[in-house]
Enquirer: 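Below you'll find the structure I mean.
The chain is numbered in sequence order, starting from 1. Fair warning: this is a prediction, and the values are worked out from it, not measured in the lab.
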Amino acid sequence: MTLSPAMEPASSPLPRSVRRGARVARPRHFLMCRPEHFAVTYSINPWMDPAAGADTARAVAQWEALRAAYLSLGHRVSLIDPIEGLPDMVFAANGALVADGRAYGARFAHPQRAAEAPAYAAWLRANGFPDVREPAHTNEGEGDFLVLDRLILAGTGFRTEVAAHQEAQEYLGVPVVTLRLVDPRFYHLDTALFPLGDDNVAYYPGAFSPGSRAVLERLFPDAIIADERDAAVLGLNAVCDGRNVVINAEATGLIATLRRHGYEPVPVDMSELRKSGGGPKCCTLELRPRQVPA
């Protein structure tokens with residue numbers, strides 16, 4: 001017998017959405033960039049140590065495993081050619097924000113990454129997304145813009161300007177909610193929060209200002225809360241298709257919590273790419289097609 005909401009046990013540890021049925025995965029289209037030129041030659045966030053360097057071959061192997069995970073889950077993966085001299089171009093999420101078939105381009109905060117923006121814009125225009133807005137304000141794409149069903153969460157504090165939140169809202173016609181980041185380890189929103197689908201999220205409260213934490217609590221009362229240990233291995237730099245969560249393997253506590261909430265974690269090793277502050281989501285730009293009214 002299926003229980004009505006009024007009959008569901010109040011003591012159940014899971015949200016009603018889990019008790020009513022299984023999570024449903026939705027196929028996605030991702031853009032990725034093979035890290036053929038990956039290196040740590042400068043420092044623009046607390047994760048980067050040029051003296052420690054990085055192993056490019058190991059980074060490529062980890063990236064290939066991430067791409068294989070997406071393909072095994074039924075997702076489509078397109079590739080943009082890497083450009084020599086742009087070691088962080090592998091972090092495709094920063095290249096743009098794509099929603100409803102339209103792209104809001106990136107404008108990087110640091111000169112070391114500036115040339116990535118026109119490269120991603122050119123690829124989008126040549127591959128079915130001709131409507132690309134050149135931004136007037138600094139923003140780093142899906143590093144600081146995360147798309148949910150009815151709104152976009154937008155980070156600020158280290159990279160993306162609040163004015164870019166307003167610019168994106170005007171261009172895309174989607175409500176944009178500003179969240180302030182306060183811990184430099186979590187310099188992009190996608191290092192501290194990821195969408196779960198069904199208008200829910202997982203996040204680490206310590207990355208946000210008190211006011212932004214209050215906003216998150218109001219918007220997402222059933223959110224999955226990560227602790228600092230899992231956040232510190234970029235466990236929240238994850239990609240969820242509604243059921244499967246591709247996530248850094250070291251985030252063992254968060255993996256267990258996701259499984260209890262009806263999600264299927266897909267652990268991957270991104271330890272080499274983390275030397276530049278990146279994980280699965282950083283390497284993944286979602287290409288959302290135009291929505292056709294029913």
Enquirer: Are T160 and D144 close enough that a side-chain donor and a side-chain acceptor fall under 3.5 Å?
Expert: yes
Enquirer: Taking the hydrophobic residues Ile, Leu, Val, Met, Phe, Trp and Tyr, and joining any pair whose side-chain heavy atoms are under 4.5 Å apart, which ones share a cluster with I83?
Expert: L31, I80, L86, M89, V98, Y120, W123, L124, F129, V132, L285, L287
Enquirer: In terms of ring plane angle, is the pair F145 and Y104 parallel, tilted or perpendicular, where the classes change at 30° and 60°?
Expert: perpendicular
Enquirer: With a 4.0 Å cut-off, would you call K281 and E286 a salt bridge?
Expert: no
Enquirer: Look at R102 together with D131 and state whether they make a salt bridge at an N to O cut-off of under 4.0 Å.
Expert: yes
Enquirer: For the OG1 atom of T191 and the CG atom of L181, what is their distance to the nearest 0.5 Å?
Expert: 6.5 Å
Enquirer: D49 vs K275, test: salt bridge (charged side-chain N to carboxylate O under 4.0 Å, His left out). Steps then yes/no.
Expert: CA-CA 7 Å; D49 180 4; K275 292 178 179 179; over 6 Å; no
Enquirer: So D269 and N248, do their side chains get closer than 4.5 Å, heavy atoms only?
Expert: no
Enquirer: Between R274 and W47, what is the shortest heavy-atom contact and its length?
Expert: O-CB, 3.8 Å
Enquirer: Have T257 and R260 got a donor and an acceptor in their side chains that come within less than 3.5 Å?
Expert: yes
Enquirer: Can you pull the salt bridge (charged side-chain N to carboxylate O under 4.0 Å, His left out) pairs that have at least one residue in residues 151-174, sequence neighbours excluded?
Expert: E140-R159
Enquirer: Whether E134 and R107 form a salt bridge (side-chain N of Lys/Arg under 4.0 Å from carboxylate O of Asp/Glu) is what I want to check.
Expert: no
Enquirer: Atom CZ of residue position R125 - does it have more than 12 heavy atoms of other residues, nucleotides or ligands inside 6.0 Å?
Expert: yes
Enquirer: Rounded to the nearest 0.5 Å, how far does CG of L236 lie from CD1 of I225?
Expert: 9.5 Å
